[in-house]
Amino acid sequence: MKINNFLVFSLSLVLILGVARSFDYHEKELESEEGLQGMYERWRNHHQVTEKSPERFNVFKGNVQMIHNHNKQNKPYKLKVNQFASMTKREFIDTYADSKLSHYNQLYKSRDNKMLKSSYGDIDINTLPKRMDWREHNAVTPPKSQGQCGSCYAFAAIGAVEGINAIRTGELVTLSEQMIMDCDTTGKTNGCGGGLVCGVYDWARDHWGIATNASYPYVGIKETCLGCKFGKFLVIVDGNEDLTRHDEEAHLKAAAHQPVGISMDPGGDGFMFYSEGIYTGPCGLEIQHAMLIVGYDEDPDGTKYWIVKNSWGEGWGEGGYIRMVRGLPMEEGICAMYSQSNICLKSPETKNFYAP
Ligand SMILES: *[C@@H]1O[C@H](CO)[C@@H](O)[C@H](O)[C@H]1NC(C)=O
């Protein structure tokens, strides 16, 4: 009896906290201008949005109707009115993803990419586990927030370094995106102005390694590179390996062994408002965002998907993650996610640096 009461109590607490975090509305509110106005005020309050204008309200209304219509359809994923509801898609991508990535996409293609080896290429696909979730293997830190800064590439790459470091050493350490933003002068990344995921791994190999977030914390703007922030512990890696472009099996082989950095098109209608379920698009082929594959699985109904970690905070999607459909007859993958993918190499012999 006591245990039952406690269970009910804990469950209601979870429910109350859950509701407190997400913004809900009543269908009635959408039916009149007054209703929408009231909803806009409640939403501003809920997400502590100080900006307010007739233009913003118009954008909000359009987004809310779009989200509501989407959720009425029988789609495999739902959207929600989240903190981005007063931004247009273009504004959102310019602010939280990376429209400047096109420059880096050119750079990626023009690199001297000697595909000398593929760590997992020879593996028989039938020997891979049916599902993998690196979160269950203590190899994924909680989703972070890039803020209003085009640093998605750094979050994807640092997530991959955190993953391979945890897999090799058994220790999960939250590492520093800011160090990359401040210290990489190779031209492969540019602070809040975008960059290449693969550039981060190579930079770390050729320089000092990667410091912890605790010693080199995230501030979300490019600052001066400060050696005094490197701290007494640096994760050392062996650089980058590209996955074969437009090859789902290559992604599966790699993701079975470690998290994989990907680049993709976040411009599908509703992507910015993704709430839960398996994302199936529609979306395009314009690479403007980077994320991290942290696993793969299959629904009871047979739909196969990737588990992908994003950097828009834990309030976005499924606690900061999105499940994206795989197994489609589509060589570039959903939202072109098989176009520009990389793993971070770290051999078991590559030891981290500890200052005495
Ligand atoms: C990283 O450092 C910043 C600044 O100290 C802090 O706000 C943030 O919570 C840290 N991130 C993580 C994931 O620990």
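Just follow the structure's listing: the first ligand is 1, and inside any ligand the first atom is 1.
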Using the rule ring-ring contact (aromatic ring centres under 6.0 Å, His included), only one of Tyr153, Phe92, Trp312 pairs with His289; which is it?
Trp312
If only side-chain N and O atoms count, and only distance matters, is there a donor-acceptor pair under 3.5 Å linking Ser151 with Glu177?
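Looking only at side-chain atoms, Ser151 and Glu177 do not form any donor-acceptor pair under 3.5 Å.
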For Glu31 and Lys28: C-alpha separation, side-chain torsions, deciding distance, then whether salt bridge (Lys or Arg N to Asp or Glu O under 4.0 Å) applies.
CA-CA 5 Å; Glu31 287 165 8; Lys28 265 208 156 53; 5.2 Å; no
Go through the structure and list residues passing side-chain contact (heavy atoms from CB on, under 4.5 Å) with Lys130, not counting sequence neighbours.
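Listed in chain order: Glu298.
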Per-ligand residue contacts, ligand 1, heavy-atom threshold under 4.0 Å
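Close residues (ligand 1, cut-off 4.0 Å): Thr174, Asn213, Pro217, Tyr218.
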Non-neighbouring partners of Cys344 that pass disulfide (SG to SG under 2.5 Å), sequence neighbours left out
none
Excluding sequence neighbours, so at least two apart, what forms disulfide (SG to SG under 2.5 Å) with Cys183?
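For Cys183, the residues satisfying disulfide (SG to SG under 2.5 Å) (neighbours in sequence not counted) are Cys225.
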